[in-house]
Amino acid sequence: MSNTETDAAALRCGALVDGGRPAGAPRVDVLSAREVPLGGPRAMRVRRTLPQRERTLIGAWCFADHYGPHQVAASGGMDLPPHPHTGLQTVSWLFSGEVEHRDTLGTHAFIRPGEMNLMTGGYGIAHSEVSTPNTTVIHGVQLWVALPEEHRNTARDFQHYVPELTQVDGAEIRVFLGSLVGRTSPVRTFTPLLGAEIVIEPRATLTLAVDAAFEHGLLVDSGDIRLIDTALRPAELGYVPRGADTLTMVNETDAPARAILLGGPPFGEAIVMWWNFIGRSHEDIVKAREEWEASSDRFGVIEDFPGGRLPAPALPNAVITPRRNPPTR
């Protein structure tokens with residue numbers, strides 16, 4: 001997925017129960033989404049909750065787009081020609097539809113609901129993402145993971161994984177990264193991570209044991225979910241700082257509620273993120289852009305894509321400065 005955004009959204013404090021927070025309950029911050037075009041002004045619109053002015057990362061998760069359900073006949077669906085990435089891993093997860101993926105490793109793969117594609121664009125990779133002709137509704141999330149300094153120039157890689165469905169009291173869970181409810185994903189990452197789809201039954205309460213060394217984010221797709229003491233609406237992301245060893249979620253609606261749970265230990269490095277590149281300095285970004293525009297071997301070529309590449313936008317008239325999370329309150 002391609003990032004053309006230049007602005008960020010705001011954060012609101014979580015609503016408290018009866019005017020106060022229960023003793024010992026962790027804080028929940030609510031990150032509201034802003035709508036941005038995917039790949040250009042006439043492209044499919046997506047809702048973005050990471051990055052924010054107030055929060056650059058949750059663990060190593062640095063980017064979260066939530067889109068759909070879009071009627072492909074009206075929106076045109078997903079149609080992203082070859083575009084580059086550096087310094088990150090991309091995580092694709094669908095709720096409905098089908099997307100065709102091609103990359104400069106030679107990968108030709110499809111992603112369907114309940115499946116994960118994870119692509120590593122360390123030193124450089126390019127890929128395309130196109131919804132298939134039989135897709136009528138496209139709906140899902142696209143997530144990015146920042147690579148730590150020692151691995152940010154690693155080789156290209158691609159992994160596909162179909163997690164098992166785990167049923168617990170009041171919920172169904174698919175763990176696509178990390179460990180939760182006794183399930184562990186075999187997918188390789190460069191920092192500890194958690195990624196899971198959770199579907200909570202109507203009016204049900206779910207309490208999960210989680211790693212207290214992780215900070216967590218719950219991105220709501222459908223339904224109204226109360227996370228600990230805070231109400232979350234669809235497209236909002238609730239952030240919980242490290243220290244919590246359980247997370248309680250309540251579906252406050254009469255229909256199933258769905259969310260994506262993310263987590264990881266705080267990422268201690270400042271990053272520069274511009275367009276589809278993650279680096280550590282303005283110069284890293286300038287170099288990556290120049291090499292993409294020059295069709296450098298750094299990113300490779302998708303030989304069988306029927307069309308041109310996505311050009312890089314113009315750089316801003318200012319130095320792009322590194323960003324990190326604010327100090328923990």
Side-chain angles (χ1 to χ4, degrees), residues 1-8 36-41 43 48 50-53 56-57 59-65 80-92 101-107 117-129 142-158 188-191 267-303 305 307-325:
M1 196 162 280
S2 184
N3 173 27
T4 60
E5 184 192 24
T6 59
D7 199 6
V36 297
L38 175 60
R48 186 161 296 160
L50 278 180
Q52 302 264 351
R53 290 190 183 93
T56 303
L57 307 104
W61 298 101
C62 62
F63 183 92
D65 271 0
L80 281 170
H83 57 279
H85 289 289
T86 63
L88 56 79
Q89 293 181 299
T90 65
V91 176
S92 301
H101 164 102
R102 298 175 188 267
D103 65 36
T104 49
L105 277 166
T107 308
N117 282 355
L118 183 146
M119 184 185 73
T120 300
Y123 182 65
I125 195 169
H127 71 142
S128 62
E129 299 161 286
Q142 179 74 19
L143 311 164
W144 293 357
V145 177
L147 293 175
E149 174 64 30
E150 63 180 313
H151 297 295
R152 70 182 179 96
N153 289 321
T154 194
R156 306 167 188 165
D157 192 26
F158 178 86
R188 302 179 302 279
T189 60
F190 292 86
T191 57
F267 192 80
E269 302 174 28
I271 63 172
V272 175
M273 184 164 62
W274 179 83
W275 195 40
N276 302 317
F277 306 133
I278 292 181
R280 295 301 184 273
S281 68
H282 178 86
E283 290 71 27
D284 288 343
I285 302 302
V286 171
K287 182 178 180 182
R289 183 187 181 280
E290 287 176 348
E291 291 182 311
W292 173 249
E293 291 296 280
S295 300
S296 161
D297 290 342
R298 176 175 183 175
F299 299 101
V301 176
I302 301 175
E303 299 287 353
F305 185 81
R309 309 184 323 154
L310 191 66
L315 284 162
N317 294 318
V319 173
I320 308 169
T321 56
R323 295 177 57 185
R324 64 171 70 241
N325 284 333

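Throughout, residue positions are numbered sequentially from 1 according to the sequence presented. No hydrogens, no waters, no symmetry mates; every other heavy atom, side chains included, goes into these values.
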Requested in this report: Kindly give the heavy-atom pair with the smallest separation between Arg156 and Asp297, and that separation in Å.
Outcome: NH2-O, 3.3 Å

Query raised in the report: Parallel, tilted or perpendicular: which fits the ring planes of His85 and Trp144, with parallel below 30° and perpendicular above 60°?
Result: perpendicular

Report task. Decide side chain to side chain contact (heavy atoms under 4.5 Å, CB included) for Phe277 and Ile320; before the verdict, give the C-alpha distance in whole Å, the side-chain angles of both, and the deciding distance to 0.1 Å. Result -> CA-CA 12 Å; Phe277 306 133; Ile320 308 169; over 6 Å; no

Report task. Indicate the atoms forming the closest heavy-atom contact of Phe267 with Ala60, along with that distance. Result -> CD1-CB, 3.8 Å

Report task. Could you tell me the separation between the CG atom of Leu57 and the CD atom of Gln52, rounded to the nearest 0.5 Å? Result -> 12.0 Å

Query raised in the report: Taking all atoms of both residues into account, what is the closest heavy-atom pair of Ala270 and Pro322, and its distance?
Result: CB-CB, 3.9 Å

Report task. Calculate, to the nearest 0.5 Å, the distance between atoms CH2 and CD belonging to Trp61 and Gln89 respectively. Result -> 8.5 Å

Report task. Specify the closest pair of heavy atoms between Pro82 and Ser128, including all atoms of both residues, with the distance to one decimal. Result -> N-CB, 3.9 Å

Report task. Tell me, please, whether Tyr123 has Arg298 positioned over its six-membered ring: NZ or CZ under 6.0 Å from the ring centre and within 45 degrees of its axis? Result -> yes

Query - Heavy-atom pair with the smallest gap, counting every atom of Gly122 and Leu147 - result: CA-CD1, 3.8 Å

Report summary line: Separation between CZ (Arg48) and CG (Asp65), nearest 0.5 Å, reads 4.0 Å

Query raised in the report: Between Val272 and Ser281, which heavy-atom pair has the shortest distance, and what is it?
Result: CG2-N, 3.7 Å

Query raised in the report: Do Arg280 and Ile271 have side chains that get closer than 4.5 Å, going by heavy atoms?
Result: yes

Report summary line: Rounding to 0.5 Å, atoms CZ (Phe190) and OG1 (Thr120) come to a distance of 5.0 Å

Query - Listed partners of Arg102 passing salt bridge (charged side-chain N to carboxylate O under 4.0 Å, His left out), at least two apart - result: Glu100, Asp304

**Report entry** Residues forming a side chain to side chain donor-acceptor pair (under 3.5 Å) with Thr104, sequence neighbours excluded
**Finding:** none

Query raised in the report: Of all residues at least two apart in sequence or in a different chain, which pass the salt bridge (charged side-chain N to carboxylate O under 4.0 Å, His left out) check with Arg152?
Result: Glu149, Asp284

Query - Pairing residues for Asn153 by the side chain to side chain donor-acceptor pair (under 3.5 Å) criterion, not counting sequence neighbours - result: none

Query raised in the report: Run the side chain to side chain contact (heavy atoms under 4.5 Å, CB included) check on Trp274 and Leu315 step by step: do they pass?
Result: CA-CA 9 Å; Trp274 179 83; Leu315 284 162; 3.9 Å; yes

Query - Thr86 side chain reached by Phe299 side chain, heavy atoms, under 4.5 Å - result: yes

Requested in this report: Could you give me the CA-CA distance, side-chain angles and deciding distance for Asp157 and Arg188, then say whether side chain to side chain contact (heavy atoms under 4.5 Å, CB included) is met?
Outcome: CA-CA 10 Å; Asp157 192 26; Arg188 302 179 302 279; 2.8 Å; yes

Query raised in the report: Under a 4.5 Å cut-off applied to non-hydrogen side-chain atoms, are Ser295 and Arg309 in contact?
Result: yes

Query raised in the report: Sequence neighbours excluded, which residues qualify as ring-ring contact (aromatic ring centres under 6.0 Å, His included) partners of His101?
Result: His127, Phe158

Query raised in the report: Say you draw a straight line from OG1 of Thr90 to CG of Asp103; how long is it, rounded to the nearest 0.5 Å?
Result: 9.0 Å

**Report entry** Side-chain touch Leu143/Val145, heavy atoms, less than 4.5 angstrom
**Finding:** no

Report task. State which residues pass side chain to side chain donor-acceptor pair (under 3.5 Å) with Glu293; sequence neighbours excluded, sorted by chain then number. Result -> none

Query raised in the report: When rounded to the nearest 0.5 angstrom, what is the spacing between CZ in Arg289 and CH2 in Trp275?
Result: 8.0 Å

